[in-house]
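Just so it is clear, the model here is predicted, and its values are computed rather than measured.
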Amino acid sequence: MVLTPLVYWAQRHEEIYLRVELTDAQNIDVYVHENILHFRALGHGAKGQNQYEFSLEFLLPVKTAVAHKSTQRQVNVTVRKEQKGWWERLTKQERKPLYLSPDFDRWLDESDAEMEIREKVSTKLQDNTPLTLKTGFLFTYNLVQFLGFSWIFVNMTIRLLVFGQDSVYDTFHTISDVMFFCQILAAVEVLNAAFGVVRMGTMPTLIQVVGRNFILFIIFGSLEEMQNKPVVFFVFYLWSAIGIVRYPFYMLRCFNTEWKILTWLHYSLWIPLYPLGAIAEAVALVQSIPIFDETNLFSIPLPKAIGTSLSFSYFLHTYLILMFLGVFINFRHLYKRRQRHFRTKKRKAY
C-alpha cells in the first residue's frame, strides 16, 4: 500500500510551490519526468514513520529542474513553469487528489501576484538609486500629515472634554481649515503610488482620497446646513484617529525601522475604524440629499420639454452605492495586505 503525505500548493506566474508535510524527512527523491512530478521520502507523516510518495501530472508543461529544501517539519519543493502564466488549477485531471490542498500561507490570487511582481521590481529599482532625496521627501510628507491629524485629534478631544456636547456642533468651523489642508495634501499619495515612489496600489489609494475629498468639499464645504451637524464631528474624528497611527508608521518605514506596537496598530486599528468611517460618510450623504433637492445646488438644467432640472441627489444615490462598493474593494485589499504582512513575519520567525 502506497502512503501519500499531505501536500499543500501555491503558485506565482513563474513557479509552483509545494509544501510536503513530512517531519525529519530522509532519502528525499524528487524529479519531473514527462511533466509528472515524482516524490519519495522517508519521514514521519500522517501514518507515522514510513515511506511516503506521490505523483502529480501538471496542467501545463514545467521545467525538469526541481529545487527542494527540507526542514525539520516539512519539505519545500519549487518547480518552474515552462511559460509564464496563471494556471486555473495545478493538475491535468480536473478532480484534485485528496491529499492536495491550497497553501493559504503562500496563496495569492492573480491580481495580488501581479502586485507582488511590481513590488519586487520597484524594490530592485529603489535599491539601485540614491534614496536620500526620496527618503527626505517621504519623511517630510508623512511628518506634516502626522502633525496635521494630531492637531485635529487633540483639538477635538480637548474641546469635547472642556465644552462637552456643544463642541460637536461647531467642529467644522474650528477644524475644517486644517482638515482641508491635510486632505488636499493627500493627493500626493495618489501620485506616489502611480509613479512607484511607494509600494501601494494606485486604485485603492485613489478611491480613498477622492472619497474623502468628495465628502469634505462637496457635502460639508458646499452646504452650510451640513456644517453644524454632529456627523461632521464623527467623520473628522475617525479620519484623524486613523491618521495619527498611519503616518508615524510610514515615517519609521522611511528608515527601515519598526516599532512593534505601532505596526500592530497600523495593521489592526483600521479594521473597526474604516467601516465606522464609511458609515459616518454614508450618514452625511443621506442627510445632504434633501438639502440638495431643496436648494437645487449642482443641479443640471434640462430643456422644458423634458423637465426643469436633473437634481444632484440622483448622483448622490448612485455615489452611495459606488461608495460601499469601493469600501468593500479597499477593505479587501487592506485585509489581504495585512495577512501578507503577518504571514511574512511568521515565515521569517521560522
Show your reasoning for whether side chain to side chain contact (heavy atoms under 4.5 Å, CB included) applies to H173 and N228. CA-CA 8 Å; H173 301 288; N228 294 323; 3.2 Å; yes

Minimum side-chain heavy-atom gap [X]-[Y] below 4.5 Å:
{"X": "I36", "Y": "L56", "result": "no"}
{"X": "F58", "Y": "T91", "result": "no"}
{"X": "H68", "Y": "N76", "result": "no"}
{"X": "F137", "Y": "N192", "result": "yes"}
{"X": "W239", "Y": "C182", "result": "no"}
{"X": "V144", "Y": "F181", "result": "yes"}

Can you check side chain to side chain contact (heavy atoms under 4.5 Å, CB included) on Y247 and L147, steps first, answer last? CA-CA 9 Å; Y247 290 108; L147 293 176; over 6 Å; no

Is there a donor-acceptor pair under 3.5 Å between the side chain of [X] and the backbone N or O of [Y]?
{"X": "Q11", "Y": "W87", "answer": "yes"}
{"X": "N35", "Y": "L60", "answer": "yes"}
{"X": "S268", "Y": "L265", "answer": "no"}

Any chance you could measure [X], atom [atom1], to [Y], atom [atom2], to the nearest 0.5 Å?
{"X": "F172", "Y": "D177", "atom1": "CZ", "atom2": "CG", "value": "8.0 Å"}
{"X": "S313", "Y": "I291", "atom1": "OG", "atom2": "CD1", "value": "12.0 Å"}
{"X": "R253", "Y": "T263", "atom1": "CZ", "atom2": "OG1", "value": "9.0 Å"}
{"X": "M323", "Y": "I207", "atom1": "CE", "atom2": "CD1", "value": "12.0 Å"}
{"X": "Y314", "Y": "I289", "atom1": "OH", "atom2": "CD1", "value": "11.0 Å"}
{"X": "L22", "Y": "Q49", "atom1": "CG", "atom2": "CD", "value": "9.0 Å"}

Verify whether one side chain among [X] and [Y] offers a donor that lies under 3.5 Å from an acceptor in the other.
{"X": "D24", "Y": "Q26", "answer": "no"}
{"X": "N50", "Y": "H44", "answer": "no"}
{"X": "T157", "Y": "Y237", "answer": "yes"}

Salt bridge between [X] and [Y], side-chain N to carboxylate O under 4.0 Å?
{"X": "K63", "Y": "E15", "answer": "no"}
{"X": "R159", "Y": "D170", "answer": "yes"}
{"X": "K81", "Y": "E14", "answer": "no"}

Above 12 or not: heavy atoms from other molecules or residues under 6.0 Å from [atom1] of [X]?
{"X": "R40", "atom1": "CZ", "value": "no"}
{"X": "E82", "atom1": "CD", "value": "yes"}
{"X": "L161", "atom1": "CG", "value": "yes"}
{"X": "K96", "atom1": "NZ", "value": "yes"}
{"X": "F234", "atom1": "CZ", "value": "no"}

Angle class for the [X]/[Y] ring planes (parallel below 30°, perpendicular above 60°, tilted otherwise)?
{"X": "F180", "Y": "F217", "answer": "tilted"}
{"X": "H266", "Y": "F249", "answer": "parallel"}
{"X": "Y335", "Y": "F331", "answer": "parallel"}

Pair L18, I16 - check side chain to side chain contact (heavy atoms under 4.5 Å, CB included), show working. CA-CA 7 Å; L18 300 176; I16 296 293; 4.2 Å; yes

Same cluster for [X] and [Y] if Ile/Leu/Val/Met/Phe/Trp/Tyr side chains link at under 4.5 Å?
{"X": "F292", "Y": "F315", "value": "yes"}
{"X": "L185", "Y": "V198", "value": "yes"}
{"X": "L297", "Y": "M226", "value": "yes"}
{"X": "W259", "Y": "I242", "value": "yes"}
{"X": "V75", "Y": "Y31", "value": "no"}

For the residue pair [X] and [Y], what are the closest heavy atoms and their distance?
{"X": "T174", "Y": "W151", "answer": "O-CH2, 3.7 Å"}
{"X": "Y99", "Y": "S55", "answer": "OH-O, 3.3 Å"}
{"X": "S288", "Y": "L223", "answer": "CB-CD1, 3.8 Å"}
{"X": "M251", "Y": "F146", "answer": "SD-CB, 4.2 Å"}
{"X": "Y169", "Y": "P230", "answer": "CE2-CG, 3.6 Å"}
{"X": "T135", "Y": "C254", "answer": "CG2-O, 3.5 Å"}

Output, in order, the C-alpha distance, side-chain angles, deciding distance and verdict of side chain to side chain contact (heavy atoms under 4.5 Å, CB included) for F236 and F220. CA-CA 11 Å; F236 282 12; F220 295 154; 4.0 Å; yes

Would you check if the distance from the ring center of F255 to the ring center of F139 is below 6.0 Å? yes

cation_pi(R19, Y8) dist<6.0 Å, angle<=45: yes

